[in-house]
Engineer: 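One structure, as structure tokens, below. Some questions next.
In what follows, every heavy atom counts, from backbone to side chain, and hydrogens, waters and symmetry copies are set aside. Note that the structure is a prediction, hence the values are computed from the model and not measured.
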Amino acid sequence: MTPRLDVIGIIVTDMAASVAFYRRLGLDFPPGAEQEGHVEAALPNGLRVALDTEAVIKAFHSEWTPPTGAGRLGIAFRCADPAEVDAVYADLVDAGYHGELKPWDAFWGQRYAVVQDPDGNGVDLYAALPTAAE
């Protein structure tokens, strides 16, 4: 059997804050997830996103310490169109999340923005820009 990507795991400091953030981006965590140490949301493509508190990680990996510095994991949410990138970014920033990179038209042909989740992980928002032929 060839291994296949099944779960994207994110270690969180505050489960309630992280569940609220990712719910705003459309992930469907079960009711009561805010009080759990481990929760998962199924994605339409069969993957799952899992959130684990630092306490859960330390329970089985006692030497683990939270990383410092810039994040090394990239998470990107595709939006329907460039206007949705702007709207989702504004919604998250208005809700108090840190906007890392305001929406802009990237040279690779996408409307792109970055907002940070409650633990400072960069979460990209993007949509294809209309082509000149459209």
Engineer: Can L27 be reached from M15 by stepping across I, L, V, M, F, W or Y side chains whose heavy atoms are under 4.5 Å apart?
Structural biologist: yes
Engineer: Are the aromatic rings of Y22 and F29 close, with centres under 6.0 Å apart?
Structural biologist: no
Engineer: Is it the case that over 12 heavy atoms from other parts of the model lie below 6.0 angstrom from the CG atom of D28?
Structural biologist: no
Engineer: Do L47 and L5 have side-chain heavy atoms sitting under 4.5 Å apart?
Structural biologist: yes
Engineer: Apply side chain to side chain contact (heavy atoms under 4.5 Å, CB included) to the pair L25 and L125, showing each step before the final yes or no.
Structural biologist: CA-CA 10 Å; L25 287 169; L125 307 169; 3.9 Å; yes
Engineer: Find out whether V115 and E100 are in side-chain contact, i.e. whether some heavy atom of one side chain is under 4.5 Å from a heavy atom of the other.
Structural biologist: no
Engineer: Under a 4.5 Å cut-off applied to non-hydrogen side-chain atoms, are I10 and V49 in contact?
Structural biologist: yes
Engineer: I want to check something: taking the side chain as every heavy atom from C-beta on, are Y89 and V114 in contact at a cut-off of under 4.5 Å?
Structural biologist: no
Engineer: Do F77 and V123 have side chains that approach each other closer than 4.5 Å (heavy atoms only, starting at C-beta)?
Structural biologist: yes
Engineer: Would you say L92 and W104 are hydrophobically clustered, going by side-chain heavy atoms of ILVMFWY under 4.5 Å?
Structural biologist: no
Engineer: Take Y112 and W108, measure what ring pair (Phe, Tyr, Trp, His ring centres under 6.0 Å) needs, and give me the verdict at the end.
Structural biologist: CA-CA 10 Å; Y112 216 86; W108 57 83; 5.4 Å; yes
Engineer: Please examine the side chains of I57 and T53, heavy atoms only from C-beta on, and report whether any two atoms are closer than 4.5 Å.
Structural biologist: no
Engineer: Tell me whether D117 contacts the main-chain N or O of N121 through its side chain, where contact means a donor paired with an acceptor under 3.5 Å.
Structural biologist: yes
Engineer: Would you say that more than 12 heavy atoms from the other residues, nucleotides or ligands in this model lie under 6.0 Å from the CZ of R48, or not?
Structural biologist: yes
Engineer: Taking the side chain as C-beta and beyond, is there a heavy-atom pair between R4 and D6 under 4.5 Å?
Structural biologist: yes
